[in-house]
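Numbers restart at 1 for each chain; the letters A, B, ... are given by sequence-line order, proteins then strands.
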Amino acid sequence: MPELPEVELARATVDQHALNRKIADVDDHDEWECRPHHPGDLRTALVGRRLTAARRRGKSMWCETSGTGRSRTPGPLLGLHLGMSGRIIVTDRRGKPSEGGDRLGRFATAVEQIERKPVWVRFTLVFEDGGKLMLFDKRRLGRVRLDPDLDALGPDAEEVGVAEFRERLSRGTAPVKARLLDQSVIAGVGNLLADETLWRARISPQRRVDTLDRDDLTTLHKALHRATKAAIRHGGVHTGEVIGFRRAGAHCPRCGAEMTRATVGGRTTWWCPQEQR
DNA sequence: ACTCGTGTTAGCTG
DNA sequence: TCAGCTAACACGAG
């Protein structure tokens, strides 16, 4: 589920509903999700503080925290990574989930899921008012950590300018899709957003970056920007124009040619062999 | 039973 | 040393 658009929606939910509520308790028992911390570490670091801001770069999000008591010194950053299947759920004092930027009805499912699979709640902040911020993560590839290292991330895919994009993406000889997926080059592009972007730009995922000219890179930058914006607006990367056609026997929604599948950059990749060159 | 997967990363290779 | 690639991670879904 989570690529940049989903993480941005999660960040917006935290920003709108979880800030400035005092943290009364923390459930950080999941040693895998909270590694390398140990149970109680996050609790000790966070109880008594408030989240003061929700930030994001690529697929990584983090919250700034306040000082405790009289201390004005800010607390640690709380890093939240959704991994492959994580989602953030914030509830109010009555246990009702916040709507966030999400569609109607989605949170009803979230509540049902939590009730049906409480073990998939890997991390919880309990606020003084009784509400919670939960990381619900089926596959357990998400991560919670204090003061996460963000230095390895490239510029955010939604914000990077065309000149820097061209310069960073064109370095090396890898297939363009592998380069798009490399979070140290550009942060935020996942498997589906990469396929959507390349389809919009009419560029083959297998094209080596050293064969792309200036115009190709400009086109790609514009496609990435538009695909990302559209995904955020429509509620997730799965709403992309070509995503529903990433399956055997499907045909390109623009030209009708049969879609092709291969592994590129280590991930299952679908593209239109007619238009994407 | 067996394969696949919307993410990240340690470890290997040339 | 580095760019690039693979396997492994956890665990449910088909």
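- Nucleotide C:dA3 holds its P atom 8 Å from the CZ atom of A:R171, rounded to whole Å.
- Rounded to a whole Å, the CG atom of A:D149 is 11 Å from the P atom of B:dA10.
- One atom, CG of A:L141, and another, P of B:dT9, lie 11 Å apart when rounded to the nearest Å.
- In this structure, A:G190 reaches the sugar-phosphate backbone alone: every heavy-atom distance under 4.0 Å involves primed, P, OP1 or OP2 atoms, never a base.
- The nearest whole Å value for the distance from the CZ atom in A:R116 to the C1' atom in C:dG12 is 11 Å.
- Residue A:R139 is in base contact, counting any heavy-atom pair closer than 4.0 Å across all strands shown.
- In this model, the phosphate group of B:dT8 is approached by a side-chain N or O of A:H81 to a distance below 4.0 Å at OP1 or OP2.
- B:dA10: Watson-Crick or G-U partner is C:dT6, with both key distances under 3.5 Å.
- A:M259 has its side chain within reach of A:C272: a pair of non-hydrogen atoms, C-beta onward, lies under 4.5 Å apart.
- Classification of A:D195 and A:R267 as a salt-bridged pair fails, no side-chain N sitting under 4.0 Å from a carboxylate O.
- Salt bridge A:R35/A:E31: absent, no basic N to carboxylate O contact under 4.0 Å.
- Between A:T173 and C:dG4 there is a side-chain polar atom (N or O) within less than 4.0 angstrom of OP1 or OP2.
- Between the CZ atom of A:R122 and the P atom of C:dG12 there is a distance of 8 Å, rounded to whole Å.
- Annotation: of the two residues near DNA chain C, A:A174 and A:R267, the 5′-most nearest-nucleotide partner is A:A174.
- A salt bridge does not link A:R21 with A:E128: every distance from a Lys NZ or Arg NE/NH1/NH2 to an Asp or Glu carboxylate oxygen is 4.0 Å or more.
- The distance from atom CG of A:D195 to atom P of B:dG5 is 11 Å, rounded to the nearest whole Å.
- Among the nucleotides C:dA13, C:dC11, B:dG7, the one closest to any side-chain atom of A:M84 is B:dG7.
- Projected onto DNA chain C by closest heavy-atom contact, A:W32 and A:R179 fall at different nucleotides, the more 5' of which corresponds to A:R179.
- Looking at heavy-atom distances under 4.0 Å, A:P5 makes no contact with the nucleic acid at all.
- Rounded to the nearest Å, the gap between the P atom of C:dA10 and that of B:dG11 is 15 Å.
- A salt bridge does not link A:K132 to A:D27: none of the charged nitrogens lies less than 4.0 Å from a carboxylate oxygen.
- The distance from atom NZ of A:K59 to atom P of B:dT9 is 11 Å, rounded to the nearest whole Å.
- Note on A:R261: only backbone sugar-phosphate atoms sit closer than 4.0 angstrom, heavy atoms only; bases stay farther off.
- In this structure, A:R57 places its CZ atom 13 Å from P of B:dT8, rounding to the nearest Å.
- In terms of position along DNA chain B, the nucleotide closest to A:N191 lies nearer the 5' end than the nucleotide closest to the other residue of the pair A:N191 and A:R143.
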